[in-house]
Chemist: 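The following block contains the structure, expressed as C-alpha cells.
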Amino acid sequence: MLDIKLIREQPEFVRERLATRGAGDEAKIDEILSLDEQRRKLLNEVEALKATRNRVSKEIGALMAQKKPDEAEARKAETRSLGDQIAALDKTIAETETARDGLMLRLPNLPHATVPVGKTAADNVEVSHWGEKPRFAFEPKSHVDLCESLGLVDFARGTKLSGSGFLLYTGWGARLERGLIQFLLDLHSREHAYTEVSPPYVVKQECMIGTGQFPKAADQAYAVQEGEDASTLGKLYLVPTAETPVANIHREELLKPEQLPIRYCAYSPCFRAEAGAAGVGTRGMIRVHQFDKVELIKVVTPETGYDELEGMMANAEKVLQLLGLHYRVLLLCTGDMGFTSAKTYDIEVWAPGQNDYLEVSSCSNCEDFQSRRMNLRCKPESGTNFFPHLLNGSGTALARLFVALIETYQQEDGSVKIPPALQPYVHSDRIGA
RNA sequence: GGAGAGAUGGCCGAGUGGCUUAAGGCGCAGGUUUGCUAAACCUGUGUAGGGGUAACUCUACCGAGGGUUCGAAUCCCUCUCUCUCCGCCA
C-alpha cells in the first residue's frame, strides 16, 4: 500500500510513476484524494463534537461530586443529542475510509527510478548472463519425453488424482525433487546465512492482503473449507508461495533496529489456480497448479534495501552456478513487474528441450509496500517509527529447475547425469541406463 | 468437542461508571552528584489520525466488534485468541 501522505502531497509524482506500469491505475488517484479530503473534513466536525462531549461530561461529573443533581440533569439534557450526531458522523467516516482503503489496496507499488519503462516482457533488459547454451551431438529431448522414458513423473496418474496441472513424481524423479529441496535449503541456510523456517502451508486472509495477493488477485488462490462447513470458506487459503507466510512472520510487530536485517529461507509447495491460463503451455511441468519452491525473504532498513536486493540476486544465481546451468538475468520493465514490487530481477535458466529460457527466480524489493499493509514497523533509537523494506526472491522454483536440469544433462543413451554438487543429495551420479 | 481461567503501553503490572490526563515498576533517553564504573536522585519517554509556520492543541486506542449512558479499561451481548484440565486423534 502506498503512503496516503505521499498521494496527498505529491499526486503528480504518484500518477506519473503509476502510469509507467501502463495499467491505468493513475486514474484512481483523483477518487482517492476526493474520499480522503471528505474523510478529513468529517473528522474535523466529529472531533469538535467529541471534544464538546468530553468537556461537558467532565463538568457533569464535577456537579455530581458537588451534590448538585439538578444542575447535572440540566447539562445532560443539553448534550443528549450529541451522541446521535457523533454516531452518524462516525458511521459516514468509517464508510468513507473503507472506500478509500479499498482503492488504495488495489493500487500497485511505484516502480523504482532505476527500473526501465516498458510495456511487456519484450521491454525487459538483460543485465547479465552466465555460462553458455550446451551443445548436443544429438537432438535433445523434451523433459516430458525424458520423464516418461525414465519414469520420473507419471503425468497421467497425476491428472487422475487431482486434475491437469498436478504432478505425481515417481522413483528417481521423486528423489531428485527431494534432493533439490534439501540442496537449496542447505545452500542458503549454511552458506548464505539465512535462517531456515518451515511455515504453515495455509494462511489467513489478512496474510494474503499483507503480501499483496489480495484483494486484487484473489481469483488465483485456492480457498480452504473445513469439511462441509461452508461458513469456514474464505478464512484460510493455500499458500501461493512461501513468501506469504514467511514475509508475514513479523506482521503487526514493532521491531528493534538491532533485529535487522532479518533473513529467512523456507521451502513450501506453491498452489496457484492459474485462472485464465488454461491451455497455455500447460504440457509438461512448466506451468502447473502445484510446485515446490525455496524462497528467500529479507526484512531490512530502507537504507540497505537495494544493496540487499543485489545480495539476494547473488544468492539465487549461486544455485544455477553450482548446478552448472546456463542462465540470463533480466531487469524487469515497469509494465512487466509484479503488483507489490518496486524493482524486480528475473533469472531465466536455459532449457535445451524447450529451446527457450524458463523463469526460475524472481527477486524483488517491495520497499515498504508490504510492511505498510501488514503494519510491520521498526522503532529507531531516536525519531519516528519507520516501515522496513521487505524483499523476496525465489531461491529457486523447482519444477522448472527440474526441467532445465534433466534437459541440460541428458545423454545420447537416454540417461541423465547428475552434477557433482547434487550427487550427495541424490546418492548417484546418473539416472537411468 | 466439554469445563474453567485469562487478554491493559516496548515489557511487567494495578485499576468494578466521573480526582484515570491509565497508578507503580522495568527498560530507554537526558540531567545532577561522582576519580572511573556502578549506585542514588530529578526530568522525560506509547501508537495512529486531524489542525497549526511553530510552541502547541484536539480526537481515537486497555484482544476485536456491537450495546447501555451525558460519560465505559470498568456494566451487557457477540466473536477471536491464549493458558489449564478432560475427551478424541497422527
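Note that the coordinates shown come from a computational prediction; the quantities given were computed from them, not determined experimentally.
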Chemist: We want to know whether Asn365(A) and His389(A) form a side-chain donor-acceptor pair, criterion being a heavy-atom distance below 3.5 angstrom.
Modeler: yes

Chemist: C58(B) C1' sits how many Å from Leu49(A) CG, rounded?
Modeler: 13 Å

Chemist: Rounded to whole Å, how long is the line connecting atom NZ of Lys91(A) with atom C1' of G66(B)?
Modeler: 14 Å

Chemist: Quick one: closest heavy-atom pair of Pro245(A) and Val203(A), and the distance?
Modeler: CB-CG1, 3.8 Å

Chemist: Would you tabulate the nitrogen or oxygen pairs shorter than 3.5 Å linking the protein to nucleotides 49-53 of chain B?
Modeler:
unit_1, atom_1, unit_2, atom_2, d
G49(B), O2', Arg39(A), NH2, 3.2
G49(B), N2, Glu47(A), OE1, 3.2
G49(B), N2, Glu47(A), OE2, 3.3
G50(B), OP1, Arg8(A), NH1, 2.8
G50(B), OP1, Arg8(A), NH2, 2.3
G50(B), O2', Asn44(A), OD1, 3.2
G51(B), OP1, Arg40(A), NH1, 3.3

Chemist: Looking at Glu196(A), is its backbone amide N or carbonyl O close enough to the side chain of Ser189(A) to form a donor-acceptor pair, meaning the two atoms are under 3.5 Å apart?
Modeler: no

Chemist: Using atom C1' in both nucleotides, what's the gap between G2(B) and G9(B) to the nearest angstrom?
Modeler: 36 Å

Chemist: For nucleotides 69-73 of chain B, tabulate all protein N/O to nucleotide N/O atom pairs closer than 3.5 Å, reporting atom names and distance.
Modeler:
unit_1, atom_1, unit_2, atom_2, d
C70(B), OP1, Arg80(A), NE, 3.1
C70(B), OP1, Arg80(A), NH2, 2.9
C70(B), O2', Ser57(A), OG, 3.3
C70(B), N4, Lys76(A), NZ, 3.1
G71(B), O4', Ser57(A), OG, 3.0

Chemist: Looking at C88(B), which nucleotide sits across from it as a Watson-Crick or G-U wobble partner, both distances under 3.5 angstrom, or is there none?
Modeler: none

Chemist: Does Ile4(A) reach the side chain of Arg100(A), with side-chain heavy atoms less than 4.5 Å apart?
Modeler: yes

Chemist: Do the ring centers of Phe291(A) and Phe271(A) come within less than 6.0 Å of each other?
Modeler: no

Chemist: Heavy-atom distance under 4.5 Å between the side chains of Leu187(A) and Leu322(A), does that happen here?
Modeler: yes

Chemist: Which nucleotide, if any, forms a Watson-Crick or G-U wobble pair with A64(B), using both distances under 3.5 Å?
Modeler: U78(B)

Chemist: Using whole Å, what does the distance between atom C1' of nucleotide U68(B) and atom CG of Asp84(A) come to?
Modeler: 13 Å

